[in-house]
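Positions are given from 1 along the sequence. Computed from heavy atoms alone, side chains included, the values below leave out hydrogens, waters and symmetry copies.
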Amino acid sequence: QVQLVESGGGLVQAGGSLRLSCGASGRSFTTSVMGWFRQAPGQEREFVAAITWVTSNTGYADFVKGRFTISRDNAKNTVYLQMTSLKPEDTAVYYCAVSDSGYHYYVPRGETTYIYWGQGTQVTVSS
């Protein structure tokens, strides 16, 4: 049993910042990639960012435009998403996800690669 606990979401004004955290607990497993997806109202879930656990190789969606930074603490089994210069279009439910695919360098962007998912945390950016 694996549980991903997310925190850090909330309501901010445009131009503000938030730091999302996601910690994994429960059954022991080998993390390959840990990342973030988001789903806005009326939209499909989309890839945001991810990081490989061993090499710290990162991948970002185009809409990040240098505003978001993903990082991880292997010892704490925790991944972070530092979001700055937030825009109203960033409003969405953000989901933490983990892959045990064995990738050390490749950062997968497809949902099917990720097998463990958090409950999601709401990020709302007002104009």
Side-chain angles (χ1 to χ4, degrees):
Q1 298 180 5
V2 175
Q3 184 177 16
L4 302 179
V5 180
E6 299 156 308
S7 63
L11 173 64
V12 298
Q13 294 182 346
S17 63
L18 285 172
R19 181 180 171 89
L20 305 183
S21 300
C22 175
S25 62
R27 180 177 60 84
S28 179
F29 66 97
T30 301
T31 299
S32 178
V33 185
M34 205 164 182
W36 295 91
F37 291 75
R38 73 183 189 184
Q39 186 169 24
Q43 304 293 322
E44 295 185 352
R45 188 152 57 188
E46 61 183 349
F47 173 82
V48 176
I51 185 168
T52 61
W53 222 240
V54 175
T55 64
S56 192
N57 193 33
T58 59
Y60 295 94
D62 289 340
F63 58 73
V64 172
K65 302 294 185 181
R67 299 180 296 122
F68 296 180
T69 301
I70 189 170
S71 61
R72 86 284 191 274
D73 187 330
N74 294 38
K76 297 180 179 179
N77 293 319
T78 300
V79 65
Y80 307 93
L81 185 67
Q82 180 66 51
M83 305 185 294
T84 61
S85 300
L86 284 164
K87 306 174 181 179
E89 47 264 50
D90 293 319
T91 296
V93 177
Y94 284 71
Y95 297 91
C96 175
V98 173
S99 170
D100 66 350
S101 62
Y103 296 138
H104 289 172
Y105 303 97
Y106 176 70
V107 179
R109 296 170 181 251
E111 292 184 24
T112 58
T113 308
Y114 297 83
I115 59 174
Y116 304 115
W117 293 81
Q119 78 288 346
T121 184
Q122 177 69 49
V123 172
T124 303
V125 184
S126 62
S127 301

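In this structure, Q39 has no side-chain hydrogen bond (donor to acceptor under 3.5 Å, both in side chains) partners at least two apart in sequence or on a different chain. Under the side chain to side chain contact (heavy atoms under 4.5 Å, CB included) criterion, A50 pairs with V33, F47, V107, Y114, not counting sequence neighbours. The side-chain hydrogen bond (donor to acceptor under 3.5 Å, both in side chains) check on T124 picks up Q122, with sequence neighbours excluded. By the side chain to side chain contact (heavy atoms under 4.5 Å, CB included) test, E111 pairs with F37, R45, W117, sequence neighbours left out. The side-chain hydrogen bond (donor to acceptor under 3.5 Å, both in side chains) search around S101 returns S99, not counting sequence neighbours. With sequence neighbours excluded, the residues satisfying ring-ring contact (aromatic ring centres under 6.0 Å, His included) with Y116 are F29. Annotation: ring-ring contact (aromatic ring centres under 6.0 Å, His included) contacts of Y103 (sequence neighbours excluded): Y106.
Screening residues 46-58 for side-chain hydrogen bond (donor to acceptor under 3.5 Å, both in side chains), with sequence neighbours left out, gives R38-E46, T52-T55. Residue pairs meeting the disulfide (SG to SG under 2.5 Å) criterion with at least one member in residues 52-87, sequence neighbours excluded, do not occur. Within the structure, side-chain hydrogen bond (donor to acceptor under 3.5 Å, both in side chains) pairs that include any residue of residues 73-86 comprise R72-N74 (at least two apart or interchain).
Minimum interatomic distance between A49 and L81 (heavy atoms only, all atoms of both residues): CB-CD1, 4.2 Å. Closest approach of E6 to T121, counting heavy atoms only: OE1-N, 4.0 Å.
If you take OG on S25 and CG on L4, they are separated by 7.5 Å, rounding to the nearest 0.5 Å. For the atom pair F68 CZ and Y60 OH, the distance stands at 10.5 Å (nearest 0.5 Å).
No chain of hydrophobic side-chain contacts below 4.5 Å, direct or via other Ile, Leu, Val, Met, Phe, Trp or Tyr residues, connects I115 to V5. Hydrophobic cluster membership differs between I70 and V93, with clusters built from Ile, Leu, Val, Met, Phe, Trp and Tyr side chains linked at under 4.5 angstrom. Two different hydrophobic clusters hold L11 and M83 under the rule that ILVMFWY side chains link at heavy-atom gaps under 4.5 Å. Hydrophobic clustering, with ILVMFWY side chains joined whenever heavy atoms are under 4.5 angstrom apart, keeps V54 apart from I51.
Grouped with Y105 in a hydrophobic cluster is no other residue, since no side-chain heavy-atom contact under 4.5 Å to another Ile, Leu, Val, Met, Phe, Trp or Tyr is found.
Atom CD of E89 sits in a crowded spot, with more than 12 heavy atoms from other residues, nucleotides or ligands closer than 6.0 Å.
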Side-chain atoms of residues 15-23: list all donor-acceptor pairs with protein atoms under 3.5 Å, sequence neighbours left out, distances to 0.1 Å.
none

